[in-house]
Visitor: 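Below: one structure in structure tokens.
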Amino acid sequence: MHYFIHHKWVQFIALLAIFFVLVMAISPVSGGNLWRFQENIFWLLPDTLNNFLKYLINDFWLVETYDIELDLTEESTMIKEFTRSLSGVILFFINLIRELLLGGVKTVVTFTSWDFISEHPWARIPALPWTAVASGAFLMGHFLGGRKLSILAGGSIIYIAVFGQWTPAMQTLSFVLVAVPLSVFLGLMMGVFAYKNKTFKIILTPLLNVAQSMPHFSYLIPVVVFFGIGDHAGAISTVIFATPPMIRLTILGLKKVSPEVLEAGLMSGCNPRQLMFKVLIPTARHDILIGVNQVIMQCLAMAVIASFIGTKGLGYDLLVSLNRLNIGEALELGISIVLIAIVLDKLSLAWANKQADYFADLPFHLHHKYSLAFFGILVVTSAIAYAISLFFPDKPNYLYFISDTQGLTTKNFWDTIVDWIITSTYQSVQSFNVFMITSILVPMKEAYLAMPVAATLFLVTGIGYLVGGLRSAIIVAAFIGFIALTPWWDRALITAYMVTFSTVTAVIIGCTVGVLCSRNTRATRVILLVCDTLQTFPSFVYLIPVIMLFGVSDLSVLIAVTVYATIPATRYTVEGLRNVPQSLQEAASMSGVNPTQRLLHVELPLAFPHIMLGINQTIIFSLFMVIIGAFIGTDDLGQLIMQSLSRSNGMGQGIILGLCVAFIGLAVDHLIHTWSDQRKQALGII
């Protein structure tokens, strides 16, 4: 008994044994609530939430409004008026930026009327030549990161323009240029307030945990109901999705400011406002700008998802191409999205890492040389482009705008390659597909669906108790118990099976590659660069090659999920092993162990808590990607969330389903973080 009490692995084996006994003992026919919870009050939550939100929209706080165009006074609700006003403001700024890049009249109409536009054909905003935008990208890249970044930024813009993707790319960019500042402002303000007010921080922390665990689609459902569909709705859902990392990194940056800096600010006579905006925020600049980088990447990740509710741009065109299985066209669009993501990622990181010179005393023309250079290039390129349009009105002006019909294209080439791959590998791919589905995936899926509620709750509660005691047991039991009480337990088990398969595969691949690459400095740099690049890809892009090869099936989704989820497993393994103190490695070598023994008995045990955090991220990545994979056909929770988008009364169901997905992620996150903190404490590395 003493051995059993003091060895958790023995307790875990006993826990598994009891779990399997319960699985065998509880019958689907006679198990009742032990097999699946019967209909209960939780089943009414979606309808209750739906009715409450409808009441807020249609009946709460009624006010009278006057419609100028119809000359009518009508009754509305304050929430409708607020959402209508907010939508109008956001849509105005999206159209303004879009028309500065592409030209148009909607912004002018906002201040005049359509009659004014009809009477004055000149009253429109002219488009910015793509050559001017490319020049600006070259200059910004050189200013922030030197020659390499300049070539990357400018070359990417040239590629997008030359390949005829200019219009959708600028539509996406206009969407991002509105969502990012809003997310940054809200995140910064809420982060500052949470830093100053401990009560607000305590309330905010669990909300941030849930928000960052909710699948992308869940953000769209309430936004559609409150704000409708269109670019403004996509921007609002993106702001909600992208703000949490900005809040977290703002709080983290402010907490890292040393007490000496704080005291120096107080001793210099700063009031609280000056202390925050003149001392704390500038000192925390690096972490805050990393937050800006994360916001940009989250906005781009959401740009494709937001196209489900009418957001224009590359994401919308990509969805249309995938729906039609136009793989070559989808690949070109995917490359454009990836290039924008990489460029914005590198530019924002370079901005975060660029040291501000507060003591430089330069003349005006040197201090603003890049701005002046861009202004000069803008004038020259615009003059040339407009002059060509004036003198050759019937000829296409490639220096001004290249349409999709005029640009280069490689879609026929890629379609030919895809057809050749499908034709030449059809038999082997189909054999592999059939083997994986019939021999591995279907049996695994059936095994998960055979898990009774009582046995599953016993297992997760027991694991929680072994990892973190009574507190952890209660937390994970509450998360999983909530899912069990809803009508979607079977769908949650299917989601869990897909996440388990992809996570195990990704961890095996990622940890193996990470261990091998950590042995060599050059290999470490290369693999971290590959991870950085792959992590900038919007998750939807990973679906393109698997659809090409494997068609629409669970296997296609799981391959895409595995590739996407391998990134954090690889990165954290490399970083964990490279961060093992050199003194301990040398001490192990001096004790006579060979490199393999040193890796197994010294480096891996010390790096394992860090690697476990990577596995935690792998699980979260898998969970998010499985939900996105519902687009190409699965029968998990993600499929139900997507269906909720098209149902008039699906708002409540979509939110509860999103919470179910979030609670799976939060339960795993809590267990791994608790265990990792315990191991770090035991090893003396925190």
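Hydrogens, waters and symmetry mates are skipped; everything else that's a heavy atom, side chains included, is used. Here the structure is a predicted model, which is why all the values come from computation and not from measurement.
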Visitor: Show which side-chain atoms of residues 487-496 pair as donor or acceptor with protein atoms under 3.5 Å away, not counting sequence neighbours.
Guide:
{"from": "Asp490", "atom 1": "OD1", "to": "Arg36", "atom 2": "NE", "distance (Å)": "2.8"}
{"from": "Asp490", "atom 1": "OD1", "to": "Arg36", "atom 2": "NH2", "distance (Å)": "2.9"}
{"from": "Arg491", "atom 1": "NH1", "to": "Asp635", "atom 2": "O", "distance (Å)": "3.3"}
{"from": "Arg491", "atom 1": "NH1", "to": "Asp636", "atom 2": "O", "distance (Å)": "3.4"}
{"from": "Thr495", "atom 1": "OG1", "to": "Arg491", "atom 2": "O", "distance (Å)": "3.0"}
{"from": "Thr495", "atom 1": "OG1", "to": "Leu637", "atom 2": "N", "distance (Å)": "3.1"}

Visitor: Parallel under 30°, tilted from 30 to 60°, perpendicular over 60°: which one fits the rings of Tyr448 and Tyr497?
Guide: tilted
Visitor: For Tyr316, what residues pass the ring-ring contact (aromatic ring centres under 6.0 Å, His included) criterion, not counting sequence neighbours?
Guide: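 Result, ring-ring contact (aromatic ring centres under 6.0 Å, His included) vs Tyr316: none returned.
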Visitor: Could you state the interatomic distance from CD1 (Ile221) to OG (Ser237), rounded to the nearest 0.5 Å?
Guide: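 Answer for the CD1-OG pair, Ile221 versus Ser237, is 11.0 Å.
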Visitor: Side-chain polar contacts of residues 295-313 - donor-acceptor pairs under 3.5 angstrom, sequence neighbours left out - could you list them?
Guide:
{"from": "Ser307", "atom 1": "OG", "to": "Val304", "atom 2": "O", "distance (Å)": "2.3"}
{"from": "Thr311", "atom 1": "OG1", "to": "Ala306", "atom 2": "O", "distance (Å)": "3.1"}

Visitor: List for me each residue that meets ring-ring contact (aromatic ring centres under 6.0 Å, His included) alongside Tyr55, sequence neighbours excluded, and say none if there are none.
Guide: none
Visitor: With sequence neighbours excluded, give me every side chain to side chain donor-acceptor pair (under 3.5 Å) pair touching residues 652-667.
Guide: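 Counting only pairs at least two positions apart or across chains, the side chain to side chain donor-acceptor pair (under 3.5 Å) contacts touching residues 652-667 are Ser644-Gln653, Arg647-Gln653.
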Visitor: Could I get the full list of ring-ring contact (aromatic ring centres under 6.0 Å, His included) partners for Phe501, not counting sequence neighbours?
Guide: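 In terms of ring-ring contact (aromatic ring centres under 6.0 Å, His included), with neighbours along the sequence ignored, Phe501 is linked to no residue.
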Visitor: Side chains of residues 238-252: which donor-acceptor partners sit under 3.5 Å, not counting sequence neighbours?
Guide:
{"from": "Thr238", "atom 1": "OG1", "to": "Gly234", "atom 2": "O", "distance (Å)": "2.7"}
{"from": "Thr243", "atom 1": "OG1", "to": "Val239", "atom 2": "O", "distance (Å)": "2.5"}
{"from": "Arg248", "atom 1": "NE", "to": "Gln212", "atom 2": "OE1", "distance (Å)": "2.4"}
{"from": "Arg248", "atom 1": "NH2", "to": "Asn209", "atom 2": "OD1", "distance (Å)": "2.4"}
{"from": "Thr250", "atom 1": "OG1", "to": "Met246", "atom 2": "O", "distance (Å)": "2.7"}

Visitor: Checking Val546 now: which residues fulfil side-chain contact (heavy atoms from CB on, under 4.5 Å) with it, not counting sequence neighbours?
Guide: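 Val546 satisfies side-chain contact (heavy atoms from CB on, under 4.5 Å) with Ser556, Ile559, Ala560 only.
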Visitor: Salt bridge (Lys or Arg N to Asp or Glu O under 4.0 Å) with Asp669: which residues, sequence neighbours excluded?
Guide: none
Visitor: In chain order, what residues pass the ring-ring contact (aromatic ring centres under 6.0 Å, His included) check against Phe42, with sequence neighbours excluded?
Guide: Phe482
Visitor: Considering only residues two or more places apart or on different chains, which pairs with a residue in residues 87-105 satisfy side chain to side chain donor-acceptor pair (under 3.5 Å)?
Guide: Arg98-Ser174, Arg98-Asp231, Glu99-Thr107
Visitor: List for me each residue that meets side-chain contact (heavy atoms from CB on, under 4.5 Å) alongside Leu56, sequence neighbours excluded, and say none if there are none.
Guide: Phe52, Leu53, Phe60, Ile79
Visitor: Does Ile483 offer a backbone N or O that forms a donor-acceptor pair with the side chain of Thr486 under 3.5 Å?
Guide: yes
Visitor: Please answer whether the main-chain N or O of Phe227 pairs with a side-chain N or O of His232 as donor and acceptor at a distance below 3.5 Å.
Guide: yes
Visitor: Within a strict 4.5 Å, meaning less than it, do heavy atoms of the Met651 and Leu49 side chains meet?
Guide: no
Visitor: Distance check, rounded to the nearest 0.5 Å: Ile97 atom CD1 versus Leu173 atom CG?
Guide: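 The CG atom of Leu173 is 8.0 Å from CD1 of Ile97, to the nearest 0.5 Å.
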